[in-house]
Amino acid sequence: MPTLIEEIPEPESGGEKVSMPTQENNIKIENVSKITENVEEKKQEKTVKNDTSRFGPKMTKEYLRKHCKEQKLYLTPYLNDVLYLHFKGFSTIENLDEYTGLKCLWLESNGIGRIENLNNQKELKCLYLQQNLIRKIENLESLELLDTINLSNNYITKIENLSCCKKLTSLCVSHNKIESYKDLEHLIECESISCLDLSHNSIEDAQAIEVFEKMKNLHVLNLMGNPVIKMIKDYRKTLTVRIKGLTYLDDRPVFPRDRACAEAWAVGGKDAEREERKKWDNAEHKRIMDSVNDLLARRDKFIAERNQLRQNQEETNQDDGVDLENLENIIAPKKDEISIENSKEDSEEIPELEQVDEQELIEVKINNQQEEKLSIFSQKSDSETNLIPSELLISEISANEEKVSNELPKKVLIEEIGSNEDHKVKSESNLTDAQAD
């Protein structure tokens with residue numbers, strides 16, 4: 001049989017000449033078929049990719065409505081200003097067109113691979129997209145009021161498309177794949193950013209300081225976990241001097257004292273820094289001592305005013321004829337003084353030993369014995385105690401002779417008690433004699 005390339009011989013009957021396809025035409029046909037096959041394979045790959053990229057639950061309108069009901073939010077979409085969609089496993093941002101009143105949107109810890117479908121969120125101020133699969137910053141043109149965006153823990157390699165957000169103040173792109181000066185160069189156009197977190201990236205280019213230096217409103221900067229920190233000599237002092245508005249670097253604030261010492265170091269080295277530090281120490285010591293002296297002066301002034309007030313009160317009371325010192329004693333005499341007066345009265349009633357004779361002492365002893373016996377009798381009956389002659393004598397003397405009660409009652413009582421005692425002794429001796437007989 002003839003091959004495709006060979007030409008079929010003409011028939012002898014004189015028919016028309018038939019030409020077969022040449023080798024060049026055959027090659028072209030093969031190329032076209034290969035191209036079509038490649039196109040079909042690419043379409044199939046795209047469909048497969050689209051299918052794999054839409055893993056997890058979809059952000060449907062029904063799902064969002066049910067979620068709002070569970071979170072006790074408004075069922076009317078445009079009334080919600082906050083929407084919590086974090087830790088849901090979404091792969092794409094969609095069906096948020098009706099939520100036009102959102103001011104804060106949480107999309108943390110999902111599988112989102114692209115920033116999209118946020119054109120109707122004109123009032124959005126806070127957007128949280130950390131811990132996702134985002135590789136590029138894009139589609140933020142409609143978010144003119146955006147103030148804070150968090151893109152940490154993603155796969156971003158370059159900062160871009162942020163200059164359209166004129167009111168953006170806080171940007172967090174920590175734990176990403178940023179490396180060089182060119183990846184950061186777009187930050188110069190973002191004049192409103194004041195808080196920038198670039199920690200735990202792979203920045204190795206020391207030229208990146210120029211980007212931070214040109215940012216007019218930068219006050220807070222975090223570069224922890226980047227190799228550039230080790231490449232810059234005197235890292236903290238250098239950044240403090242070159243970034244004029246810096247107030248917080250990494251994990252510590254930049255105080256006015258730190259800035260003054262860093263600027264002195266930049267001009268005159270370590271000696272100038274040491275002198276500047278001494279000045280600040282002296283100023284701090286002076287401030288503390290001034291406050292202490294002021295406190296002491298206030299105390300002395302208060303004491304002087306109090307003493308003056310007391311002196312004025314004493315003078316006014318002396319003019320009125322009132323003795324403040326003896327006023328309390330006059331109103332309520334002390335117990336000690338009362339006890340002293342009572343002891344004095346008792347001492348006046350008790351005669352001195354030199355003036356008392358032996359006979360009187362004997363009589364007093366007898367009197368004490370008689371009182372003991374009378375106390376025993378009083379326990380038996382109250383009627384017998386009322387008939388004791390000694391008590392009758394005491395009551396008569398106290399009633400009729402109050403003026404002469406200093407000497408006479410004693411003698412009368414002693415004589416009466418003595419006579420009674422003699423009478424009792426005689427009666428007892430008679431009884432003993434009768435018993436002996």
Side-chain angles (χ1 to χ4, degrees), residues 147-148 169-170 172 192-199 209 212-213 215-225 229-230 232-341 343:
D147 178 80
T148 302
T169 59
S170 179
C172 181
S192 60
I193 293 177
S194 61
C195 181
L196 179 61
D197 188 359
L198 292 168
S199 60
I209 300 175
F212 308 137
E213 189 177 1
M215 297 177 69
K216 298 179 180 179
N217 294 318
L218 185 61
H219 300 300
V220 180
L221 177 63
N222 191 350
L223 292 174
M224 295 176 65
I229 293 176
K230 298 179 181 179
I232 300 173
K233 188 178 180 180
D234 297 317
Y235 160 75
R236 190 169 183 85
K237 295 177 185 177
T238 302
L239 265 68
T240 302
V241 172
R242 296 186 65 174
I243 305 172
K244 300 300 181 182
L246 195 64
T247 59
Y248 209 103
L249 179 61
D250 294 341
D251 58 343
R252 286 186 293 161
V254 179
F255 294 105
R257 174 177 178 172
D258 299 333
R259 179 167 292 281
C261 294
E263 291 176 353
W265 167 82
V267 174
K270 292 184 178 179
D271 295 335
E273 180 187 0
R274 194 178 298 110
E275 291 178 0
E276 186 68 22
R277 199 175 296 278
K278 285 182 180 179
K279 289 180 182 179
W280 279 85
D281 291 339
N282 295 332
E284 182 69 16
H285 180 72
K286 184 178 180 300
R287 185 183 65 81
I288 294 171
M289 293 305 299
D290 289 342
S291 63
V292 171
N293 294 330
D294 182 67
L295 183 62
L296 294 174
R298 290 184 181 182
R299 187 198 64 177
D300 296 339
K301 183 180 179 181
F302 174 76
I303 293 171
E305 290 178 354
R306 185 181 63 184
N307 294 334
Q308 185 65 31
L309 182 62
R310 287 182 178 177
Q311 186 177 359
N312 294 335
Q313 289 179 353
E314 291 176 358
E315 291 177 356
T316 53
N317 293 327
Q318 287 177 1
D319 295 338
D320 295 338
V322 179
D323 190 2
L324 292 175
E325 295 180 356
N326 298 324
L327 183 61
E328 295 180 355
N329 297 330
I330 293 169
I331 296 171
K334 297 180 180 179
K335 294 182 180 179
D336 296 337
E337 294 179 356
I338 293 170
S339 61
I340 291 168
E341 291 178 358
S343 63

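Position 1 is the first residue of the sequence, and the numbers go up from there. Being a predicted model, the structure only gives us computed values, none of them experimental.
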Quick one: do Glu276 and Trp280 satisfy side chain to side chain donor-acceptor pair (under 3.5 Å)? Show the steps, please. CA-CA 6 Å; Glu276 186 68 22; Trp280 279 85; 3.1 Å; yes

Kindly indicate, with the supporting measurements, whether the criterion side-chain contact (heavy atoms from CB on, under 4.5 Å) is fulfilled by Arg242 and Ile209. CA-CA 8 Å; Arg242 296 186 65 174; Ile209 300 175; 3.8 Å; yes

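Listed by first then second residue, pairs satisfying salt bridge (Lys or Arg N to Asp or Glu O under 4.0 Å) with a partner in residues 245-264 read Arg257-Asp281, not counting sequence neighbours. Residues in residues 295-307 take part in these salt bridge (Lys or Arg N to Asp or Glu O under 4.0 Å) pairs, two or more places apart or across chains: Asp294-Arg298.
Salt bridge status for Lys278 with Glu275: absent, with no side-chain N to carboxylate O gap under 4.0 Å. The pair Lys237-Glu273 meets the salt-bridge criterion, since a charged nitrogen lies less than 4.0 angstrom from a carboxylate oxygen. A salt bridge links Arg274 and Asp271; the closest N-O separation between the charged side-chain nitrogens and carboxylate oxygens is under 4.0 Å.
No side-chain heavy atom of Leu218 sits less than 4.5 Å from a side-chain heavy atom of Glu213. The side-chain heavy atoms of Glu284 and Ile288, taken from C-beta on, include a pair separated by under 4.5 Å. In this structure the side chain of Asn307 reaches within 4.5 angstrom of the side chain of Ile303, judged on heavy atoms. The shortest side-chain heavy-atom distance between Tyr235 and Leu249 falls under the 4.5 Å cut-off. Side chains of Thr247 and Phe255 form no contact here, defined as non-hydrogen atoms less than 4.5 Å apart. At a threshold of 4.5 Å between non-hydrogen side-chain atoms, the residues Phe212 and Leu246 do not count as touching.
With rounding to the nearest 0.5 Å, the separation of CG in Asn282 from CE in Met289 is 13.0 Å. Between the NE2 atom of His219 and the CG atom of Leu196 there is a distance of 12.5 Å, given to the nearest 0.5 Å. Taken from OG in Ser192 to CE in Met215, the straight-line distance is 8.5 Å, to the nearest 0.5 Å. Distance check, rounded to the nearest 0.5 Å: OG of Ser194 to NZ of Lys216 gives 15.0 Å. In this structure, CG in Leu223 is found 8.5 Å from OG in Ser199, a value given to the nearest 0.5 Å. Here the CG atom belonging to Asn217 is positioned 10.0 Å from the CD1 atom belonging to Ile193, to the nearest 0.5 angstrom.
A donor-acceptor pair under 3.5 Å links the side-chain atoms of Thr169 to the main chain of Asp147, judged by distance alone.
Across Leu198, Asn222, Asp197, a single residue satisfies side-chain contact (heavy atoms from CB on, under 4.5 Å) together with Cys172, and that is Asp197.
Shown here for Ala272 and Ala264, the closest heavy-atom pair between the two residues is CB-O, 3.4 Å. Shortest non-hydrogen contact noted between Leu239 and Leu221 is CD2-CD2, 3.9 Å. Heavy atoms only, all atoms of each residue included: Val241 and Lys244 are closest at O-NZ, 3.1 Å.
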